[in-house]
Amino acid sequence: MVAAVVVAVSVLALATGLVGFFADPLHLPDAALDVLDKRASVLSLFVGIAGLAVAGVGLLRQQTPPSSDAPAAPAVSSSGPGSPVVGGAMSGGMVVGQVSGGTTAGPGGAAAGGQRAVAVAGDLTAGMLITGDGATITTTAAQMRPPLPPIGAVEVPAAGLAGLPRRPAGVFVGRQEQLERLEPALRSGPGVITQAVVGLGGIGKSELALQYAHRHRDAYRLVWWITAETPEQIQAGLAELGRALCAGVASNAAAQAPAEEAEAWALAWLAAHDDWLVVFDNAADAEDLQPCLGRLRAGHVLVTSRRAVGWQDVGEVLQLGVLPQADAVQLLLEVIGAETTVDRASAGELAAELGELPLALKQAGAYIAATPGMDPATYLGLLRTTPVRALSADPRRDTATDRVVARVWQVTCARIEQIDPRAMRLLQALACYAPDDLPCEVLTGFEGGDAAVIADALGVLASYSMINRSRDGRAVSVHRLVQAVTLAALPDDARTIARAAAADLLQAALPDDPERISSWPLYARLLPHAQAVLDAGSDAMRAILNYLGASGDYRSAQALQHRRYTVLHHARGPEHPQTLTAQANLAFWTGRAGDAVGARDQFAALLPVRERVSGPEHPQTLTDRANLARWTGEAGDAARARDQFAALLPVRERVLGPEHPQTLTARANLAFWTGRTGDAVGARGLFAALLPIVERVSGPEHPETLTARANLAGWTGEAGDAVGARDQFAALLPVRERVSGPEHPQTLTDRANLAFWTGRTGDAVGARDQYAALLPVRERVSGPEHPQTLTARANLARWTGRAGDAVGARDQYAALLPVRERVLGPEHPQTLTARANLAFWTKEAEGRP
């Protein structure tokens, strides 16, 4: 009825308006035009009032619930921050609706005024309301959906609500300390408490969080797990939480609510409660969580992330490392299964190769248990030959899984490549070095970058836990499996480029003089990396060998020289001069490592080849003859050594001249081995004749001259004149200190000889005290395990016993022996001497004959 009246009045108003519009062309009187205008205005007023009436009826009918089994709840506004304001909903097709005036509210609760046209597609969209008079009014999708319930209307069941991705692993070892640290951290104060667990992919962050959530689920009304790698996943996880909370009160509304609306409702519910735990697993960036955390006032948040940066502003940070060795072996064995008979030693070797990484240990154990014929030794071989295949092997044969180790890191590497391609190439170079403690200074200049550029690239890698930085920030380490996967994923040419770049950087970082004591600490740090990246036949590797020899690490020198010889043998052939020199050096380091017989035999085999290739009087041939004589004597045949040097000397004199340094060295060796045959007096006479020649050739204070004086003093003592030896060393020492410095190795050797001959004169207490003063200097200069340091310790023990303290001597030898065994080997002559001295002073201390 109202609609009909409005239509009639509208027609009349239109007619009146038309008359007024055509009045002027019709030449109507002014009085008539005035009456028409006034009547048109009144009619327009009635039309407007009628329109308002129609709109009011439509709104009343819209608020009337449609007939259904579940009446729609009225629109509500929650008191929580950012709560949504929603209306009823109907289903329909795609339409365009217009709301005139008033306000509408989005999921965040912010109202927008004015007119808004909304086009929506899908099952839950806008529709049309039909009034009793047949009028239609279009509505928006938000007006047609059933509303989510008020926050206060939702009660969590008494048993609590838990949304965990799976049950925690039954095998969980080595993380008890970290697990116990989480509880006090998450209950440390009022307000929302956030704890971040960060570390390398596969380190066990998610499992630790799952173990905590499961063990403490009864302490919370709500425990919820959200995969948080992207903002979209975070929103989806919170939306699922909102739907789960509303399911028992308004399941239809929860199912129809958009993700934005359900997320906002969930955050509002969390903000209104405090007895809940939400785990954000594998969050990529702290900034992705800040919008959520900023809207919470209480409760507990546990975050796991491969990124190690940004979380300090969010809450406490727990950096997770690899498992201790014993726990790693236990985890591996338990996953394989108690019913299997696995050699614990091979399991330990596999655990070490896997770098004690929990995910890799579990994956390997499950694969071994599920694969017929597979055992730790076989898996270890697979890991060393095809690491990507081994680390991608899924024991469940589920190709969709993303928990296999290689796949976890491939995702991380792809993200790093997007952020900073240089950082990814730097990781490829780092994968070529030894895993631990690479000085950052080695990397300066990588691809032309300065220190700041390299620091930025390292920062990206560290932020994703692909590398670990030392506490002082001056060194980096890379997990060995990360290295293996990174290199294995490269094509052959790219791998070659990475290795070459790493080798060039390391060679540039080596100190110039490997025999200078001050350069030894850096050489020691670079040694494992040099062994990993340097070509065994390179000049840089020769510098490494010189350092090892100077620092007294003879066994490492022998092993590295064997590699060098093998490479040159294959590359240049068995009789190439460089191959023969490498063979000679291998024989030499074999002798210095304690195998004098092996050194003698190697030089005996080398000499005829050298003579044939280079000639019988070539300097290298004569050097090999001298070494054969020396190691013949060291092997126990002093007389033969003396005779060989006696035969060599005239050849040296003829080829090089009678006063050439190498000729004088041959004369010194002849004198030395003459003394070692028991003819100390003859040795003293030979050195007495040699000294003035060396003084004339080299000068009275040349190091070679001072060494000749030391030899003369020593053989003077061996010839029976201990006092003369002591006095000669006492006169020599201040000259040596002035020429070479008070802490030069030769100076320390002269101090040791002075102490020794002091004791041989009968002053055991004086000898003991001099060795006691010498030992800390030797340790500081040469290192606590240098062979010369160990000799000083042995002499201190000896003269302690000779001074009357048998118990002290016994204890010092007992402490020395295991060091000798570790450094020189259990069968080295000096190790055997230490063992015999320990037995002797043990008897003396116990009063046994």
Side-chain angles (χ1 to χ4, degrees), residues 513 515-518 549-550 619 622-623 626 629-630 642 645-646 648-676 679-761 766-767 770 773-774 777-778 781-782 788 791-792:
D513 186 359
E515 297 184 7
R516 189 175 65 245
I517 295 173
S518 60
L622 300 184
T623 298
R630 173 189 174 171
R642 176 199 61 195
F645 275 112
L648 173 64
L649 180 58
V651 183
R652 284 279 198 199
E653 290 176 334
R654 185 178 67 253
V655 172
L656 300 176
E659 294 188 351
H660 190 279
Q662 292 188 14
T663 303
L664 299 181
T665 298
R667 288 187 63 177
N669 276 304
L670 174 59
F672 176 83
W673 289 106
T674 296
R676 289 289 292 271
D679 186 6
V681 174
R684 180 188 61 187
L686 290 171
F687 274 112
L690 176 62
L691 179 58
I693 301 174
V694 176
E695 287 181 332
R696 187 179 68 252
V697 171
S698 301
E701 293 190 350
H702 190 278
E704 291 294 338
T705 304
L706 301 183
T707 298
R709 286 182 61 180
N711 274 303
L712 176 58
W715 288 108
T716 296
E718 294 292 345
D721 186 3
V723 173
R726 179 198 64 192
D727 294 344
Q728 289 182 49
F729 275 113
L732 171 63
L733 183 58
V735 183
R736 181 77 83 174
E737 288 178 333
R738 186 178 68 251
V739 171
S740 301
E743 295 189 349
H744 189 278
Q746 285 290 351
T747 304
L748 300 184
T749 298
D750 290 343
R751 284 185 63 179
N753 277 307
L754 174 58
F756 177 82
W757 289 109
T758 297
R760 289 286 292 270
T761 63
Q770 288 182 48
L774 171 64
V777 183
R778 178 64 86 174
V781 170
S782 303
Q788 293 290 348
T791 298

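Quick caveat, the model's predicted, so the values are computed rather than measured.
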Notebook entry, point to check: Is there a side-chain hydrogen bond (donor to acceptor under 3.5 Å, both in side chains) between Gln770 and Thr758 once you walk through the steps?
Noted result: CA-CA 9 Å; Gln770 288 182 48; Thr758 297; 3.3 Å; yes

Next item on the list: Dump the intermediate steps for side-chain contact (heavy atoms from CB on, under 4.5 Å) on Leu706 and His702, then the final yes or no.
Entry: CA-CA 6 Å; Leu706 301 183; His702 190 278; over 6 Å; no

Checklist line | CA sep, side-chain torsions, deciding dist, call: Asn669, Arg630, side-chain contact (heavy atoms from CB on, under 4.5 Å) | finding: CA-CA 8 Å; Asn669 276 304; Arg630 173 189 174 171; 5.7 Å; no

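Annotation: side-chain hydrogen bond (donor to acceptor under 3.5 Å, both in side chains) contacts of Glu718 (sequence neighbours excluded): none. Every residue two or more places apart in sequence or in another chain that forms a salt bridge (Lys or Arg N to Asp or Glu O under 4.0 Å) with Arg736 is listed here: Asp750. For Ala629, the side-chain contact (heavy atoms from CB on, under 4.5 Å) partners two or more places apart in sequence, or in a different chain, are Gln644, Phe645. Checked against side-chain contact (heavy atoms from CB on, under 4.5 Å), Val723 has the following partners two or more places apart in sequence or in another chain: Asp721, Arg726, Asp727, Thr761. Applying the salt bridge (Lys or Arg N to Asp or Glu O under 4.0 Å) test to Glu743 and every residue at least two apart in sequence or in another chain returns Arg780. The side-chain hydrogen bond (donor to acceptor under 3.5 Å, both in side chains) check on Thr747 picks up nothing, with sequence neighbours excluded. Considering only residues two or more places apart in sequence or on other chains, Glu653 meets the side-chain hydrogen bond (donor to acceptor under 3.5 Å, both in side chains) condition with none of them.
To the nearest 0.5 Å, the span separating CG on Leu664 from CD on Glu704 amounts to 9.0 Å. We find the CG-CD distance between Leu732 and Glu737 to be 9.5 Å, quoted to the nearest 0.5 Å. For the atom pair Trp757 CH2 and Thr716 OG1, the distance stands at 9.0 Å (nearest 0.5 Å). Atom CG of Asn711 and atom CG of Asn753 lie 9.0 Å apart (nearest 0.5 Å). Residue Leu733 holds its CG atom at 6.5 Å from CG of Leu754, rounded to the nearest 0.5 Å. In this structure, OG1 on Thr749 lies 5.0 Å from CD on Gln788, to the nearest 0.5 angstrom.
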When the side chains of residues 682-700 are checked against the rest of the protein, which donor-acceptor pairs come out under 3.5 Å, sequence neighbours left out?
residue	atom	partner	partner atom	Å
Arg696	NH2	Glu659	OE2	2.1

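Residues Ile517 and Pro745 have side chains in contact (heavy-atom distance under 4.5 Å, counting atoms from C-beta outward).
Nearest heavy atoms, Ala767 versus Ala755: CB-O, 3.3 Å. Taking every heavy atom of both residues into account, Val739 and Glu701 meet most closely at CG1-O, 3.5 Å.
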